[in-house]
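Here's the structure, in structure tokens; my notes come after.
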Number of protein chains: 2
Amino acid sequence: MAKVTLQTIADRLGVSRATVSYAFSRPDQVSAELRRRVMEVADELGYAGPNPTARSLRLGRAGALGLLFSETLAYAFADPYAVGFFQGLATAAEDAGVGLLILPLPHGDKRTEPVRNAVVDAFCVVSLPDGHPALDEVLGRKLPVVVVDEPYVPGHPFLGIDEPAAGALAARHVLELGHRRLGVAMVGLHDDGHIGWSDVARQRAATFEAMRGRRAGYQAAAEEAGVDWARVPFYELSRNSREAGRQAGHALLARHPRPTAILTNTDVLALGVLDAAADLGLDVPGELSVVGFSDSAAQDAGLTTIRQAKQEIGAEAGRLLLAGPPARPGRVLFPHELIVRASTAPPPPEQR
Amino acid sequence: MAKVTLQTIADRLGVSRATVSYAFSRPDQVSAELRRRVMEVADELGYAGPNPTARSLRLGRAGALGLLFSETLAYAFADPYAVGFFQGLATAAEDAGVGLLILPLPHGDKRTEPVRNAVVDAFCVVSLPDGHPALDEVLGRKLPVVVVDEPYVPGHPFLGIDEPAAGALAARHVLELGHRRLGVAMVGLHDDGHIGWSDVARQRAATFEAMRGRRAGYQAAAEEAGVDWARVPFYELSRNSREAGRQAGHALLARHPRPTAILTNTDVLALGVLDAAADLGLDVPGELSVVGFSDSAAQDAGLTTIRQAKQEIGAEAGRLLLAGPPARPGRVLFPHELIVRASTAPPPPEQR
DNA sequence: ATTAAGGTCTTAATTGATTAAGGAGGCAGG
DNA sequence: CCTGCCTCCTTAATCAATTAAGACCTTAAT
């Protein structure tokens with residue numbers, strides 16, 4: 001019951017290892033009769049087929065794409081946006097017949113061996129904070145890399161949306177409806193677990209590039225409309241969950257004067273804000289407007305949101321990595337659009 | 001710019017390859033000075049670090065777990081139950097510092113090379129139909145395997161719930177409330193894309209073992225309560241989506257006499273049935289009771305459902321595969337429980 | 001009969017590392 | 001001075017395959 005290799009079979013049959021290899025991988029190179037006997041002996045010995053690792057080594061292809069998420073996987077898959085992206089990527093991988101190796105980013109510490117030891121042909125990096133050690137590790141592997149959403153790495157393809165523009169689009173929507181008392185709830189700005197109010201300095205210091213840009217878009221649109229951003233209550237979350245959104249909603253809606261429009265970072269958060277509004281008996285959109293982001297969980301709730309092509313981004317990432325070398329570096333920005341549903345309307349008249 | 005290996009560095013420095021290997025993997029075996037020079041030259045040559053494939057071959061460990069879903073990945077991740085399971089598994093993998101290699105099951109045909117060539121230490125198989133060729137391929141690899149949900153493979157650990165009991169529990173709940181006019185909407189019985197009514201013969205011939213068992217539980221409970229199962233309208237779906245559930249709901253609710261209780265296979269389907277009820281202006285639970293399954297998307301909608309420990313199952317699967325050999329075969333059944341929420345109530349009095 | 005062409009199998013190089021065992025040199029203790 | 005023990009490095013086996021090139025034999029064409 002020891003290890004069975006090609007050689008074991010070859011010895012049994014008194015032929016060379018090469019012949020057995022051919023019998024498996026190139027049947028026409030071997031007589032039908034011998035091939036039959038090879039298979040017979042293989043079966044008898046319980047041979048598991050040519051060892052994929054050895055094969056990979058010899059062929060120089062791993063047959064897998066490495067995938068790196070910033071978050072714990074358990075958390076990433078709770079986010080409909082991530083799931084959408086993942087579906088796109090998975091489809092591309094499927095079409096190419098390669099696997100998707102999901103790499104863990106160990107919790108707090110910087111143990112990055114999984115990245116160093118990953119048997120993959122290329123990496124797809126999604127939403128890593130600036131300067132995350134795993135990114136260096138990935139770049140050190142000298143394999144093709146594409147980055148999705150953040151951070152932009154000069155010299156490698158980047159896929160995402162124009163975050164400042166998208167943020168501004170969301171903000172401008174409520175501003176144009178006449179809102180002046182804004183509130184913001186955002187997740188994924190920093191990596192430090194902070195939950196609560198953030199001043200402008202902290203907002204600008206966000207370590208996640210995409211969210212930093214999105215927020216800058218909010219601010220730009222607000223200031224363009226004459227709103228003093230420093231006065232806009234800004235609640236930061238560390239988890240993207242409906243419950244977190246509700247918490248932020250309660251915090252924001254307890255302010256005096258109460259915001260008439262709340263911008264959120266994700267649809268899931270927006271749903272939580274809607275919950276908070278419901279808790280307080282506030283009419284949406286009559287007394288409060290809420291805007292989500294991603295159009296990932298917005299439809300059923302009638303949420304106004306920014307739609308981004310998550311699946312397309314995933315599919316394109318896969319294509320770039322699987323189509324060989326000519327993936328030229330630079331940012332590829334995908335379209336986004338404002339989807340107006342039933343969660344936004346002009347502010348009540350008495351609110352100006 | 002050719003390939004840089006340990007040997008390249010060794011040659012440059014006039015030392016042996018082994019020394020360079022030690023410099024990377026066992027710093028204490030080499031003088032600090034030499035190690036410094038090794039790193040320097042490695043840097044200079046753009047060495048990407050010890051080749052993981054070669055390393056894997058030599059060490060005999062792949063550092064990854066293979067994961068096989070029956071469905072297209074794009075589809076699997078639309079299912080909250082699958083996501084929950086996956087979270088559990090991912091957490092276990094993360095703790096062990098191994099990756100998760102998601103393998104594509106090519107669409108229609110039986111191209112199973114991805115399974116044959118997967119560089120993994122073990123396989124986790126989830127919800128494959130009876131006799132799926134990929135399963136044979138997996139077993140042929142002679143690696144540790146655990147099967148989740150289906151199909152049971154003698155000689156390998158199996159994780160899941162007691163499906164017939166869980167199905168019976170769901171059915172008995174509405175039967176005990178007094179319902180006699182049942183309707184059923186199920187997905188994932190067959191692999192053939194069929195959508196529409198199914199007679200008992202077809203129901204029993206389902207190729208997915210778990211769903212077959214669950215359905216048998218429904219039937220057993222119904223007959224126990226004196227309901228003629230052959231008369232219970234049974235609508236089969238091929239996709240687990242809210243839209244599919246709505247379609248089934250409309251079909252079932254158009255029957256005369258109209259069912260007063262609808263059992264569904266998944267929470268997502270149940271949500272769709274609720275949509276259909278809303279379309280028809282039916283009061284739930286006043287005029288119609290609906291039961292979901294999995295407690296994966298039921299909470300917000302106030303859905304009565306069967307809760308199963310998805311994450312625990314995933315975590316346990318990971319543990320079994322990563323803890324080495326002593327995973328003894330046999331079925332491990334996880335607990336399930338009935339969660340009664342606001343979607344079930346006694347039938348309206350005039351309905352008997 | 002000679003040569004060419006196939007068909008079938010073998011030889012041997014190659015893929016890129018890890019690691020047990022051993023050798024050389026330096027230093028301290030007896 | 002000899003011995004033993006380190007420290008640092010080398011030798012060489014090993015992991016399990018793939019594949020170009022060549023050897024050998026048979027058959028068919030010229």
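Worth saying up front: this structure is predicted, and the values here are computed from it rather than measured. So you know, we letter chains A, B, ... as the sequences are listed, proteins then strands, and number each from 1.
Remark: M39(A) CE to F24(A) CZ distance equals 4.5 Å, nearest 0.5 Å. A distance of 15.5 Å separates CZ in R58(A) from OG1 in T53(A), rounded to the nearest 0.5 Å. Summarising the geometry, atom CZ belonging to R37(B) is positioned 12.5 Å from atom CD1 belonging to I9(B); distances are rounded to the nearest 0.5 Å.
For the pair Q7(A) CD and dT18(D) P, the computed distance is 13 Å after rounding to whole Å. With rounding to whole Å, R141(B) atom CZ is found 11 Å from dA17(D) atom P. Rounded to whole Å, atom P of dG16(C) lies 13 Å from atom CG of D11(B). Rounding to whole angstrom units, CZ of residue R61(B) and P of dA17(C) are separated by 17 Å. Atom pair N117(A):CG and dT18(C):P shows a separation of 9 Å (rounding to whole Å applied). Atom CG of L6(A) is separated from atom P of dT10(C) by 13 Å (rounded to the nearest Å). Summarising the geometry, the separation between CZ on R116(A) and P on dA17(C) is reported as 14 Å, rounded to the nearest angstrom. Regarding R37(A), its CZ atom lies at a distance of 12 Å from the C1' atom of dC9(C), rounded to whole Å.
The listed nucleotides are dA17(D), dT19(D), dC9(D); the one nearest the side chain of A18(A) is dT19(D). The side chain of S31(B) has dC9(D) as its nearest neighbour among dA17(D), dA17(C), dC9(D). Across dA16(D), dG16(C), dT18(D), the shortest atom-to-atom separation from the side chain of N51(A) is found for dA16(D). Closest to the side chain of V15(B), from the set dT10(D), dT18(D), dT10(C), is dT10(D).
Here R26(B) lies in heavy-atom contact (under 4.0 Å) with sugar-phosphate atoms only. Nucleic acid contact class of F24(B) (heavy atoms, under 4.0 Å, all strands): none. Residue contacts for T5(B): at a heavy-atom cut-off of 4.0 Å it reaches the sugar-phosphate backbone alone, with no base atom in range. Among the protein residues, S21(B) comes within range of the nucleic acid bases, having at least one heavy atom under 4.0 Å from a base atom.
Counting non-hydrogen atoms of other residues, nucleotides and ligands closer than 6.0 Å to CZ of R12(A) gives a total of 12 or fewer.
Where L57(A) and L34(A) meet DNA chain C, the nucleotide closest to each residue was compared, and L34(A) sits on the side nearer the 5' end. Between T19(B) and R58(A), the residue anchored closer to the 5' end of DNA chain D is T19(B), taking for each the nucleotide with the nearest heavy atom. Mapping V30(B) and A54(B) onto DNA chain D by nearest heavy atom places V30(B) at the nucleotide closer to the 5' end.
Across all strands shown, dC2(D) is found opposite dG29(C) as a Watson-Crick or G-U wobble partner, with both distances under 3.5 Å.
Side chains of L89(B) and L65(B) form a contact here, defined as non-hydrogen atoms less than 4.5 Å apart.
Checked by distance alone, R17(A) brings a side-chain donor or acceptor within 3.5 Å of a matching partner on the base of dA17(D).
By the ring-ring contact (aromatic ring centres under 6.0 Å, His included) test, Y22(A) is found to be paired with no residue, residues two or more places apart in sequence or in another chain being considered.
Residue Y47(A) places at least one side-chain N or O closer than 4.0 Å to OP1 or OP2 of dA17(D).
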